[in-house]
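Bear in mind that the values here come from a model prediction, so they are computed numbers and not experimental data. Heavy atoms only: backbone and side chains are in, while hydrogens, waters and symmetry mates are out. Atoms within a ligand are numbered from 1 in the order they appear, just like the ligands themselves.
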Amino acid sequence: MKLAFLGLGTMGYPMAGHLQQAGHDVCVYNRTRTKAEHWVQQYGGTLADTPAKAAAAADIVFTCVGNDADLRQVVVGEQGAFAGMKSGALLVDHTTASADVARELEAQAKARGFQFVDAPVSGGQAGAQNGQLSIMCGGAADAFARAEPVLAVYGKSTRLLGEAGSGQLAKMVNQICVAGVVQGLAEAVHFAKRSGLDGRALFDVIRHGAAGSWQMDNRHEAMLDGEFDFGFAVDWMRKDLGIALDEARNNGARLPVTALLDQFYADVQAQGGGRWDTCSLVARLERD
Ligand code: NAP
């Protein structure tokens, strides 16, 4: 299939690579061109200078950029994907963004004869690299049916959860879960260090019991070592929690711990950790 992938960041770069390796014909676009050149050297495929040019021949166009504003720029900007896509093409957006922007893009897609699926992901950098992502989708059933076999290339579990915006709402639920779990693990690591226990031995035992989690399996070593220069950035997590808190103001949900965690992450940003992985919450506890 002819595909386009717009946004070769931590997530998009390996996801686009899986699509090319699965035998699809992928044309990539990245704002910083050197990353796209590097991608073509590594995987083959082609690159274009604008989202519109990358999208021109594609049956399905994938986007994975930062936030609502970035997404609007890449999709509906002057040189955006919608300016180049052929009639009947499908846009699948992997950005973690608001449900409102998903609904807005679906309406614009329909008006121009395109289809749209919001498809934010969970599973982190490792999930993208290993092709083991959870993909939460919103949109029309026929648009999802078209996307699903292609998403299987890097999706471990992919599900349509309702109309456009539902994928983003599901991702908000995911981030609400993650925020509390990471803080719990950060406090556990902090306590374990103070107690003088062997952290690696300790987590190797308790990860098999009721305390076990993806965060414990994948992040306790980084927390013990104070290594945060990888993974899912604190700046992105604050963006995600902001989206969830905004949505909660609309639907009336009470999110007291999520609101607190948003402030804890602001502390990490103030420590210079905006690009650190979210497990750096432990650094906040270890401040002098
Ligand atoms: P990232 O490494 O910062 O990459 C962001 C990508 O978007 C880069 O390719 C960047 O281009 C591009 N971009 C940003 N603003 C743009 C604009 N205005 N116009 C054109 N391109 C633009 O981010 P990431 O970690 O891959 O995350 C991407 C999305 O996935 C975010 O919404 C994030 O919340 C979500 N997500 C991330 C993870 C994770 O573990 N990293 C997990 C799940 C979901 P440049 O190269 O030019 O900067």
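Looking only at protein heavy atoms, the nearest one to atom 46 (O) of ligand 1 is K35 NZ, 2.6 Å. For atom 5 (C) of ligand 1, the closest non-hydrogen atom of the protein is G9 CA, 4.3 Å. The nearest heavy-atom contact from the protein to atom 1 (P) of ligand 1 is W236 NE1, 3.8 Å. Regarding atom 21 (N) of ligand 1, its nearest protein heavy-atom neighbour is R31 CB, 3.7 Å. Residue, atom and distance of the protein heavy atom nearest to atom 42 (C) of ligand 1 are M11 CE, 3.6 Å. Protein heavy atom closest to atom 32 (O) of ligand 1, with residue, atom name and distance, is G66 O, 2.8 Å. Here the heavy atom of the protein found nearest to atom 9 (O) of ligand 1 is N30 OD1, 2.6 Å.
Of the residues listed (L47, T32, N30, V28), the one engaging E37 in a side chain to side chain contact (heavy atoms under 4.5 Å, CB included) is L47, and it is the only one.
A donor-acceptor contact closer than 3.5 angstrom links the side chains of E187 and Q183.
By the 6.0 Å and 45° rule, R284 stacks over the aromatic ring of F264.
Below 3.5 Å of separation, one finds no N or O of Y29 facing any N or O of ligand 1.
No side-chain donor-acceptor contact under 3.5 Å links T158 to the backbone of G155.
The distance from ligand 1 to the heavy atoms of K239 drops below 4.0 Å at these ligand atoms: 31 (C), 32 (O), 33 (C), 34 (O). Which parts of ligand 1 touch C64 is read off a 4.0 Å heavy-atom cut-off, strictly below it: atoms 6 (C), 7 (O), 28 (C), 29 (C), 30 (O). The contact set between ligand 1 and G124, taken as ligand atoms under 4.0 Å from a residue heavy atom, comprises 40 (O). Those atoms of ligand 1 with a heavy atom of T96 less than 4.0 angstrom away are 32 (O), 34 (O), 35 (C), 44 (C). Heavy-atom proximity to T32, at under 4.0 Å, picks out these atoms of ligand 1: 45 (P), 46 (O), 47 (O). In summary, the atoms of ligand 1 found under 4.0 Å from a heavy atom of G7, numbered by their order in the structure, are 9 (O). Close approach to D70 involves these atoms of ligand 1, each under 4.0 Å from a residue heavy atom: 14 (C), 15 (N), 16 (C), 17 (C), 18 (N). Heavy-atom proximity to Q73, at under 4.0 Å, picks out these atoms of ligand 1: 18 (N).
Distances shorter than 4.0 angstrom occur between a heavy atom of K171 and an atom of ligand 1. The closest approach between any non-hydrogen atom of R33 and ligand 1 is not below 4.0 Å.
Residues V92 and V74 do not share a hydrophobic cluster, defined by chaining ILVMFWY side chains whose heavy atoms lie under 4.5 Å apart.
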### Verdict with supporting geometry, V234 and R275, side chain to side chain contact (heavy atoms under 4.5 Å, CB included)
CA-CA 6 Å; V234 165; R275 288 299 293 184; over 6 Å; no

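When heavy-atom distances to ligand 1 are checked against a 4.0 Å cut-off, V74 comes that close only through its side chain, counted from C-beta outward. The proximity of F232 to ligand 1, defined as any non-hydrogen pair under 4.0 Å, involves the side chain as well as the backbone. In Q175, neither the side chain nor the backbone holds a heavy atom less than 4.0 Å from any atom of ligand 1.
A salt bridge links R103 to D100: at least one charged side-chain nitrogen sits closer than 4.0 Å to a carboxylate oxygen. Look at D225 and R200 and you find a salt bridge, because one of the NZ, NE, NH1 or NH2 atoms lies within 4.0 Å of a carboxylate O, short of that distance. One finds no salt bridge joining K2 and D59 here, because no Lys/Arg side-chain nitrogen approaches an Asp/Glu carboxylate oxygen to under 4.0 Å.
Other residues, nucleotides and ligands contribute more than 12 heavy atoms inside 6.0 Å of the CG atom of N251.
The aromatic rings of F114 and F82 are tilted relative to each other, their planes meeting at an angle between 30° and 60°. Using cut-offs of 30° and 60° on the angle between ring planes, the pair H94 and Y154 is perpendicular.
Checking V178, I243, T50, V65 against atom 28 (C) of ligand 1, the nearest heavy atom belongs to V65.
Contact between A233 and T278 at its shortest, heavy atoms only, is O-CG2, 4.2 Å.
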